[in-house]
Protein chains: 2
Amino acid sequence: MTALGFTQHDHAKCVRSGLAAAEAQCRARKLRLTPVRRRALEILLSEHRALGAYDLLARLSEEGLGSQPPVAYRALDFLVKAGFAHKVEALNAYLACAHLGDDHAPAFLICRACRSVAETATTPRQGRLGAAAEEAGFLIERTVVEAQGLCPACRKAAA
Amino acid sequence: MTALGFTQHDHAKCVRSGLAAAEAQCRARKLRLTPVRRRALEILLSEHRALGAYDLLARLSEEGLGSQPPVAYRALDFLVKAGFAHKVEALNAYLACAHLGDDHAPAFLICRACRSVAETATTPRQGRLGAAAEEAGFLIERTVVEAQGLCPACRKAAA
DNA sequence: TGGCTATTGATATGTTATAACATACAAGGT
DNA sequence: ACCTTGTATGTTATAACATATCAATAGCCA
């Protein structure tokens, strides 16, 4: 799996196909992609950065789509539950899912310089964490795997 | 490495030895384990749960050790920087380090039922995350690895 | 001693998130 | 068309987490 987000790509397409995939999912799963939710997803998709709930709220309210925190949090809750977005715990911020459609355990590469975030996948039940959980008798339900550091571009800039 | 926190152990000793190790480190590294910092560490050591900054503050202020948020955050910053405590990002909460003394990349097993947290270790640069970072040209500086689920006791209780 | 730095104290503020309650609106049955 | 049910939204308030700033003080050491 390549870590999109640090590489050049047709971004408009990336937004379009993300929205299309979400729409298809909603039809299939009888979820309602309301205007606020749709626009919230579109805003997240238009970045490869994680946005705070209040950043999102600011953009939504510019367009008359609500102005109070719950509006943003509800939209984000929906997107996260539906698997259309992820929360980046280390940033308390939210990111459009880059692999919309498949069920996956996400992992993130977070650039501390430019704040861009790339999503990749992890298999937490394997590897050392899984082994530790096994040994302890711990049942893993969800994992948070996030690396902070420097993306290729910022690495080059720093050198 | 066993995941202390879900298992029986001599807890008083665990507090004493943690404090002793921190004191030794401070002497060696010329850090100042002031009363607030020392007591904050002791409070964290006396739990195998992550405490929020305001939980800690409440306990400190009961004892006259400051009453405003900066007091707790400064103590926590010191403890985290010194490696005596870790922040659990998924909870926005703090935990005494269980392997005080050795340099390590921590990982956490977090029980959603009883909120106990066990610390274990990870080797993030190996495994899938490391491979993804390598491929992307991303330089990992720090990792957050946290599993949420059920500890052995709560698993049994649920069944 | 004097100057430097780290720490503390105090106040205010910023940021992230949820509770609680009221209202609107869509979908389906009668 | 009318009502019922469930979902979504609007609104207000507050909880929870975190930092900025500035003045006062304590420890260190040249």
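Side chains included, hydrogens not; waters and symmetry mates left out as well; all remaining heavy atoms used. This is a predicted model, so every value here is computed, not measured. In what follows, chains are A, B, ... by sequence order, proteins preceding strands, each numbered from 1.
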Under 3.5 Å donor-acceptor pairs involving side-chain atoms of residues 74-87 of chain B, not counting sequence neighbours:
unit_1: B:His86; atom_1: NE2; unit_2: B:His104; atom_2: NE2; d: 3.2
unit_1: B:His86; atom_1: NE2; unit_2: B:Glu119; atom_2: OE2; d: 3.0

Exercise for review: Enumerate the residue pairs fulfilling ring pair (Phe, Tyr, Trp, His ring centres under 6.0 Å) with a member in residues 14-43 of chain B, sequence neighbours excluded, ordered by first and then second residue.
Suggested key: none
When the side chains of residues 141-159 of chain B are checked against the rest of the protein, which donor-acceptor pairs come out under 3.5 Å, sequence neighbours left out?
unit_1: B:Glu141; atom_1: OE1; unit_2: A:Arg112; atom_2: NE; d: 2.7
unit_1: B:Glu141; atom_1: OE2; unit_2: A:Arg112; atom_2: NE; d: 3.4
unit_1: B:Glu141; atom_1: OE2; unit_2: A:Arg112; atom_2: NH2; d: 2.8
unit_1: B:Arg142; atom_1: NH1; unit_2: A:Gln148; atom_2: OE1; d: 2.4
unit_1: B:Arg142; atom_1: NH2; unit_2: B:Glu89; atom_2: OE2; d: 3.2
unit_1: B:Glu146; atom_1: OE1; unit_2: B:Ala90; atom_2: N; d: 2.8
unit_1: B:Glu146; atom_1: OE2; unit_2: B:Glu89; atom_2: N; d: 2.8
unit_1: B:Gln148; atom_1: OE1; unit_2: A:Arg142; atom_2: NH1; d: 2.4
unit_1: B:Arg155; atom_1: NH1; unit_2: A:Gly137; atom_2: O; d: 2.8

Point to revise | Base-contact (B) and sugar-phosphate-only (S) positions in nucleotides 6-15 of chain D, heavy-atom cut-off under 4.0 Å, - elsewhere | key: -SSBBBB---
Practice item. Under the ring-ring contact (aromatic ring centres under 6.0 Å, His included) rule, collect the residues that match up with A:Tyr94, sequence neighbours excluded. Key: none
**Study point:** Near-strand residues of residues 81-96 of chain A, defined as heavy-atom separation under 4.0 angstrom from DNA chain C
**Key:** A:Lys87, A:Asn92, A:Tyr94
Practice item. With sequence neighbours left out, write down each residue that passes side-chain hydrogen bond (donor to acceptor under 3.5 Å, both in side chains) with B:Glu42, or none if nothing qualifies. Key: B:Arg39
Practice item. Using the ring pair (Phe, Tyr, Trp, His ring centres under 6.0 Å) rule, collect all pairs that involve residues 22-47 of chain A, keeping only residues at least two apart or in two chains. Key: none
Exercise for review: Under the ring-ring contact (aromatic ring centres under 6.0 Å, His included) rule, collect the residues that match up with B:Phe138, sequence neighbours excluded.
Suggested key: A:Phe6
Point to revise | Residues B:Arg59, B:Glu47: salt bridge by 4.0 Å N-O rule | key: yes
Point to revise | Length of the CG-C1' vector between B:Leu60 and C:dT7, whole Å | key: 15 Å
**Study point:** d(CG, B:Leu57; P, D:dT19) in whole Å
**Key:** 15 Å
